[in-house]
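Note that this is a predicted model, so its numbers are computed, not measured. The analysis underlying the following values was restricted to heavy atoms, covering all of them including side chains, and did not include hydrogens, waters or symmetry mates.
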Amino acid sequence: MTWAELYSEAARPTLEEIDAYAHTPLWPQLRAYLAAAYGAGPRLEYSRCGLEPGWNVKFRRGSKSLCTVYLRPGFVTAMVSVAPKDEEAAQMVLLTCTAETQAVYHRSAASKMGHWLMLDITPPEMLEDVKALLAVRVKPAG
């Protein structure tokens, strides 16, 4: 069953249910990093978007969106945006990222809002790529 089928708009999942569905140690590692580096906790929101309907988890620092996390069976996908003003710095960071992250970036259509990257956090290296790309947009605290 898909995440959207398991949890309708009326059936808000708990963090424990999210953890069980994601079933990967990389998900709590991402949450812990976002809390430590940005002071951002998870915020559940329901989306009626045709492409990604259902409950997702958003992380923000102040008014800045850090990323949105979509639940998959056994892993999570982080949507990270790269604003046009950050593209030059992102290009430099991408040189240190996995080939998969580089391919996602180059396949994403650039718009006046930048690039929207959907990164499947499956190997630990993808988690490191997400961290590096987030730091381009919003500098970690400390």
Query - Nearest non-hydrogen partners of Ser108 and Leu117, listed with the distance - result: OG-CD2, 3.6 Å

Query - Heavy-atom pair of closest approach, residues Ala141 and Arg61 - result: N-NH1, 3.5 Å

Report summary line: Heavy-atom closest pair (Val136 atom, Ala90 atom, distance to 0.1 Å) is CG1-N, 3.9 Å

Query raised in the report: What do the steps show when you test Val57 against Arg43 for side-chain contact (heavy atoms from CB on, under 4.5 Å), and what is the final call?
Result: CA-CA 5 Å; Val57 186; Arg43 194 172 85 205; 6.0 Å; no

Requested in this report: Report yes if the side chains of Glu100 and Glu125 come closer than 4.5 Å at any heavy-atom pair, otherwise no.
Outcome: no

Query raised in the report: Which atoms form the tightest heavy-atom contact between Ser111 and Pro84, and what is the distance?
Result: O-CG, 4.2 Å

Query raised in the report: Are Leu119 and Thr77 close enough that some pair of their side-chain heavy atoms sits under 4.5 Å apart?
Result: no

**Report entry** Distance (rounded to the nearest 0.5 Å) between Arg60 CZ and Cys67 SG
**Finding:** 11.5 Å

Query raised in the report: Considering only heavy atoms from C-beta outward, does the side chain of Val130 approach that of Leu134 to under 4.5 Å?
Result: yes

Report task. Kindly compute the distance separating CE (Met126) from CG (Asp120), expressed to the nearest 0.5 Å. Result -> 6.5 Å

Query raised in the report: Any side-chain donor-acceptor pair under 3.5 Å between Asn56 and Thr68?
Result: no

Requested in this report: Verify, without hydrogens or angle tests, whether Tyr38 (side chain) and Val138 (backbone) share a donor-acceptor contact under 3.5 angstrom.
Outcome: yes

Report task. Might you confirm whether atom CD of Glu45 has over 12 heavy atoms from other residues, nucleotides or ligands at distances under 6.0 Å? Result -> yes

Query raised in the report: Under the side-chain contact (heavy atoms from CB on, under 4.5 Å) criterion, do Val69 and Ile18 qualify, and how do the steps go?
Result: CA-CA 11 Å; Val69 174; Ile18 291 170; over 6 Å; no

Requested in this report: I would like to know whether Lys112 and Glu87 meet salt bridge (charged side-chain N to carboxylate O under 4.0 Å, His left out); could you show each step before the answer?
Outcome: CA-CA 12 Å; Lys112 64 181 177 182; Glu87 283 197 41; over 6 Å; no

Query raised in the report: When rounded to the nearest 0.5 angstrom, what is the spacing between CD in Glu88 and CE in Met92?
Result: 8.0 Å

Query raised in the report: Which heavy-atom pair separates Ile121 from Phe75 by the least distance, and what is that distance?
Result: O-CB, 3.9 Å

Query raised in the report: Do you know the tightest heavy-atom contact between Thr24 and Gly74?
Result: CB-O, 3.7 Å

Query raised in the report: Taking atom CG of Leu95 and atom CD of Gln102, what is their separation to the nearest 0.5 Å?
Result: 6.5 Å

Query raised in the report: Among Tyr21, Tyr46, Trp3, which one satisfies ring pair (Phe, Tyr, Trp, His ring centres under 6.0 Å) with Trp55?
Result: Tyr46

**Report entry** Same cluster (ILVMFWY, side-chain, under 4.5 Å), Val82 and Trp116
**Finding:** no

Requested in this report: Ignoring hydrogens and angles, tell me if any N or O in the side chain of Arg137 forms a donor-acceptor pair with the backbone of Ser65 under 3.5 Å.
Outcome: yes

Query - side-chain contact (heavy atoms from CB on, under 4.5 Å) partner of Arg31, chosen from Leu26, Asp19, Val76 - result: Asp19

**Report entry** Distance in Å, Met79 CE paired with Lys58 NZ, rounded so as to fall on 0.5 Å steps
**Finding:** 6.5 Å

Query raised in the report: Could you walk me through whether Leu30 and Leu34 pass the side-chain contact (heavy atoms from CB on, under 4.5 Å) check?
Result: CA-CA 6 Å; Leu30 174 62; Leu34 292 169; 3.9 Å; yes

**Report entry** Side-chain touch Arg107/Tyr105, heavy atoms, less than 4.5 angstrom
**Finding:** no

Requested in this report: Hey, could you give me the CG/CH2 distance between Leu15 and Trp27, rounded to the nearest 0.5 Å?
Outcome: 7.0 Å

Requested in this report: Report yes or no: do Val93 and Val104 belong to one cluster of Ile/Leu/Val/Met/Phe/Trp/Tyr joined by side chain heavy-atom distances under 4.5 Å?
Outcome: yes

Query - Transitive ILVMFWY side-chain link Tyr70 to Leu44, under 4.5 Å - result: no

